[in-house]
Every structure is written in structure tokens, then in C-alpha cells.
Amino acid sequence: MKNNFLFLSLLLSLLVACTKTDTGNSNNNGNTIVTIDSSEFNGRLFVETYDYTLGTKISGADVFLYTNYEDINRGIYLFYQKGNSSGEADFGYLLQGNYYLVSKTFFKADTSLVQVLSKRTIHRNVYLR
């Protein structure tokens, strides 16, 4: 009887420990976006997606952020954002450095390089063909 009780309490604690909780610090895609930062080494990144032929912003485009080019082929992205109705994806504050962006819709896609600089807000335009 004692062994059954130990087994059940261990199982219950594993279930509780493995349950996903929402901290309220994530966007609708499940990524944690830092919107307030005082670090010396972080910069903020906004990406606007445009239709190359029409010159208009594309709302709802999928924007992926990669740390290196090889990860694009592997499908291992650092962050994902869906563009809002104004065609903008806010990645919040990121550690300074170079990143690859892949922005795409159902029919069009483009890959771009962006450099995030410390204490700066970077606006990157991506044009889909």
C-alpha cells in the first residue's frame, strides 16, 4: 500500500511539473517577446513585409528569424512572428548581432539579412516577389 502511495504521488508530481503554464509574457505565437529592456547589448527589431510588384504592405505574412543560414535549410528558427494587419512583425529586443529573416506568404517568399545594433531600433523592410 505504501509503495502504491509513493508511486501515485511521484506520478502526480511529474504531471504537475510537466504542465505548461502561461506567464503572460508571450505573444499569440508562444514566443516570449521582450518589449522593455535596459541592457547595453540589445536592440529592437521591427520587420515590415511588402509586396514587391504592388509596393503595398502584406498583412499576416509569416516572418521567421534565424541565427545562421544553415538553419534556414534545417527549419530551425529562433523566433516566429505573424505580421499584424499593418504588415509589421515586432520581434522585441534581441541580442546585438546578425540574423537572417525569412518572410513568406502562401505564394511568395524572401530571405534577408539584418544587423541588430545595441540600443537601437531597427526597421527592416522585406519585399516578397
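- Atom CD1 of Ile72 is separated from atom OG1 of Thr111 by 5.0 Å, given to the nearest 0.5 angstrom.
- Two residues are said to be in side-chain contact when any heavy atoms from C-beta on lie closer than 4.5 Å; Gln115 and Asn98 meet this criterion.
- A distance of 8.5 Å separates OG1 in Thr67 from OH in Tyr99, rounded to the nearest 0.5 Å.
- Tyr52 and Ile58 are members of different hydrophobic clusters when ILVMFWY side chains are connected at heavy-atom separations under 4.5 Å.
- Around the NZ atom of Lys104, the shell of radius 6.0 Å holds no more than 12 heavy atoms that belong to other residues, nucleotides or ligands.
- Residues Arg44 and Thr35 form a side-chain contact, since some pair of their non-hydrogen atoms from C-beta on lies under 4.5 Å apart.
- Distance check: Leu65 CG to Asp71 CG gives 10.5 Å after rounding to the nearest 0.5 Å.
- Taking each heavy atom of Ala89 and Gln81 in turn, the nearest pair found is CB-CB, 3.8 Å.
- With values rounded to the nearest 0.5 angstrom, Leu78 atom CG is found 9.0 Å from Phe91 atom CZ.
- Closest approach of Ser103 to Val63, counting heavy atoms only: OG-CG2, 3.7 Å.
- For the atom pair Asn84 CG and Asp90 CG, the distance stands at 9.0 Å (nearest 0.5 Å).
- Between the side chain of Ser39 and the main chain of Phe41, a donor-acceptor pair closer than 3.5 Å is present.
- Counting all heavy atoms, side chain and backbone alike, Gln96 lies closest to Ser118 at OE1-CB, 3.1 Å.
- Distance alone, capped at 3.5 Å, is enough to place a donor-acceptor pair between the Arg124 side chain and the Leu113 backbone.
- Exactly one of Tyr66, Phe64, Tyr69 qualifies for a ring pair (Phe, Tyr, Trp, His ring centres under 6.0 Å) with Tyr100. That residue is Tyr69.
- Judged by distance alone, with hydrogens and angles left aside, the side-chain atoms of Lys82 form a donor-acceptor pair with the main-chain N or O of Gly60 at under 3.5 Å.
- Separating the CG atom in Leu54 from the CG atom in Leu128 is a distance of 11.0 Å, to the nearest 0.5 Å.
- Screening Val114, Asn42, Leu45, Ile122 for a side-chain contact (heavy atoms from CB on, under 4.5 Å) with Leu94, the sole residue that qualifies is Leu45.
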Please test Arg129 against Lys108 for side-chain contact (heavy atoms from CB on, under 4.5 Å), starting from the C-alpha separation and ending with a verdict.
CA-CA 6 Å; Arg129 293 179 183 238; Lys108 301 176 180 185; 5.8 Å; no

**Message:** Would Thr105 and Asp62 count as a side-chain contact (heavy atoms from CB on, under 4.5 Å) here? Give the steps.
**Reply:** CA-CA 6 Å; Thr105 61; Asp62 296 320; over 6 Å; no

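- Between His123 and Phe46, the angle of the ring planes stays under 30°, which puts this pair in the parallel group of the 30/60° scheme.
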**Asked** Going through the distances and angles, do Ile76 and Glu70 end up as a side-chain contact (heavy atoms from CB on, under 4.5 Å)?
**Response** CA-CA 9 Å; Ile76 304 171; Glu70 291 79 24; over 6 Å; no

